[in-house]
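Since the structure is predicted, the reported quantities are computational estimates derived from the model, not experimental observations.
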Amino acid sequence: MLASKPYVIGLTGGIGCGKSEAAQYLKSLGAAHVDADAISRELTAEGGEALGEIRRVFGDAAFLPDGALDRASLGRLVFSNEPARRALEGIMHPLVQRTMLLRMDAAAEAGAPVVILDVPLLFETGMDALCDETWTLYVDRETQIARVVARDGLSREDAEARVDSQMSTDERNARATHAIDTNRPVERTRAELEQLYRAAVKRGIRQ
């Protein structure tokens, strides 16, 4: 017998907007969590499928002496150089998307009622087409930059480059089914997430 299709929520948001924390909370409510960032890290860890093509395109300078990917150096390059960023995306996005689809199928086989498709570049990569609805998290630009500086130990200039490399907050909010402000006490954000999640579960049961 074919597994029933889970209700798919695309979760996105700019860097520093609290997406990872929101995804973990939704997972605690019973959702299956398919995480693009985690998959990307797997693909670029030791022995990862993406490393050969990254070395071919970016050369040995993208790697540490022990052969591991130099994430800090590569990050500085791609967030300040659009052709380099697009080259890396061309390597990573197909591999990440293929793995995400396999994990969505596994969640369906396991009987998950809801799948959270956790993708920073949800709209940019067209993966919103896989979703029944989309949620985005946001904060004002200054709060976003301050969070990235504090979390990642970046300079303000590097944090701004990472924020500005992504789709604007206004465009992301306009495209999403729901836009959720995370610049407030965590309890209020969780209450809104839970309310939206319970409503999504009901819609999934009816589909």
Side-chain angles (χ1 to χ4, degrees), residues 10-23 35-100 117-128 134-176 179-183:
L11 183 68
T12 192
I15 185 173
C17 290
K19 183 174 58 63
S20 296
E21 293 83 353
D35 184 349
D37 278 346
I39 291 169
S40 179
R41 288 191 294 271
E42 292 170 20
L43 291 167
T44 54
E46 183 179 359
E49 188 176 355
L51 293 181
E53 187 66 6
I54 291 174
R55 188 180 291 274
R56 187 189 72 79
V57 172
F58 292 95
D60 293 341
F63 292 81
L64 297 168
D66 66 0
L69 185 66
D70 188 344
R71 297 177 188 276
S73 176
L74 188 59
R76 285 192 297 272
L77 171 63
V78 301
F79 285 113
S80 62
N81 182 310
E82 186 166 348
R85 178 166 60 85
R86 293 197 178 280
L88 183 61
E89 289 174 351
I91 297 168
M92 295 302 301
H93 287 174
L95 296 174
V96 171
Q97 290 179 14
R98 185 187 68 190
T99 306
M100 294 190 83
L117 205 59
D118 180 353
V119 190
L121 302 179
L122 182 73
F123 298 116
E124 294 92 328
T125 57
M127 293 199 75
D128 57 308
T134 56
W135 303 357
T136 184
L137 307 178
Y138 71 95
V139 293
D140 63 88
R141 176 181 167 82
E142 282 304 312
T143 300
Q144 191 177 1
I145 291 168
R147 286 182 179 180
V148 174
V149 168
R151 185 191 70 187
D152 298 337
L154 299 176
S155 67
R156 180 182 176 90
E157 182 180 11
D158 284 344
E160 288 178 338
R162 297 198 178 198
V163 169
D164 292 340
S165 73
Q166 298 182 323
M167 179 180 288
S168 73
T169 296
D170 287 346
E171 183 177 356
R172 198 184 294 112
N173 287 1
R175 293 182 64 170
I180 303 159
D181 183 357
T182 63
N183 192 18

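Here the CG-OG1 distance, from Leu11 to Thr136, works out to 8.0 Å after rounding to the nearest 0.5 Å. Note that the CZ atom of Arg85 and the CE atom of Met92 stand 14.5 Å from one another [nearest 0.5 Å]. Rounded to the nearest 0.5 Å, atoms CD (Glu160) and CZ (Arg162) are 13.0 Å apart. Atom CZ of Arg71 and atom CG of Leu64 lie 10.0 Å apart (nearest 0.5 Å). Distance check, rounded to the nearest 0.5 Å: OG1 of Thr143 to CG of Asn183 gives 4.0 Å. Expressed to the nearest 0.5 Å, how far CG of Asp70 lies from CG of Leu77 amounts to 10.5 Å.
At distances below 3.5 Å, at least one donor-acceptor pair connects side-chain atoms of Thr12 with backbone N or O atoms of Val119. In this structure, Thr182 contributes its side chain and Cys17 its backbone to a donor-acceptor pair below 3.5 Å. Between the side chain of Ser40 and the main chain of Ala36, no donor-acceptor pair closer than 3.5 Å is present.
At least one side-chain heavy atom of Met100 sits less than 4.5 Å from a side-chain heavy atom of Leu117. Contact of the Asp35 side chain with the Ile39 side chain is not registered, since no non-hydrogen atoms from C-beta on lie closer than 4.5 Å. Put simply, the side chain of Asp158 does not reach to within 4.5 Å of the side chain of Phe79, judged on heavy atoms. Between Ile54 and Leu88 the shortest side-chain heavy-atom distance falls below 4.5 Å.
Scanning all heavy atoms of the two residues, the minimum distance from Leu51 to Ala45 falls at CD1-O, 3.2 Å. The shortest heavy-atom contact between Val57 and Ala87 is CG1-CB, 4.2 Å. Nearest heavy atoms, Val149 versus Ser155: CG2-O, 4.0 Å. Minimum heavy-atom separation, Asp37 to Pro120: OD1-CG, 3.5 Å. Here the closest heavy-atom approach between residue Leu137 and residue Ala22 is recorded as CD1-CB, 3.5 Å.
Residues passing the side chain to side chain contact (heavy atoms under 4.5 Å, CB included) test with Ser20: none are found, sequence neighbours excluded. Checked against side chain to side chain contact (heavy atoms under 4.5 Å, CB included), Gln97 has the following partners two or more places apart in sequence or in another chain: His93, Thr125, Met127. Applying the salt bridge (charged side-chain N to carboxylate O under 4.0 Å, His left out) test to Glu124 and every residue at least two apart in sequence or in another chain returns nothing. Contacts of Arg55 classified as side chain to side chain contact (heavy atoms under 4.5 Å, CB included), with partners at least two apart in sequence or in another chain: Asp60, Phe63.
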Test log, rule side chain to side chain contact (heavy atoms under 4.5 Å, CB included), inputs Leu122 and Arg175: CA-CA 11 Å; Leu122 182 73; Arg175 293 182 64 170; over 6 Å; no

Just list the side-chain donor-acceptor pairs under 3.5 Å for residues 166-173, sequence neighbours left out, or say none.
| unit_1 | atom_1 | unit_2 | atom_2 | d |
| --- | --- | --- | --- | --- |
| Gln166 | OE1 | Ile15 | N | 2.9 |
| Ser168 | OG | Glu171 | N | 3.1 |
| Arg172 | NH2 | Met167 | O | 2.7 |

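Here salt bridge (charged side-chain N to carboxylate O under 4.0 Å, His left out) pairs that include residues 39-54, with residues two or more places apart or in two chains, are Glu42-Arg103, Glu49-Arg98, Glu53-Arg56.
In this structure, Asp164 pairs ionically with Arg141, as a charged nitrogen and a carboxylate oxygen lie closer than 4.0 Å.
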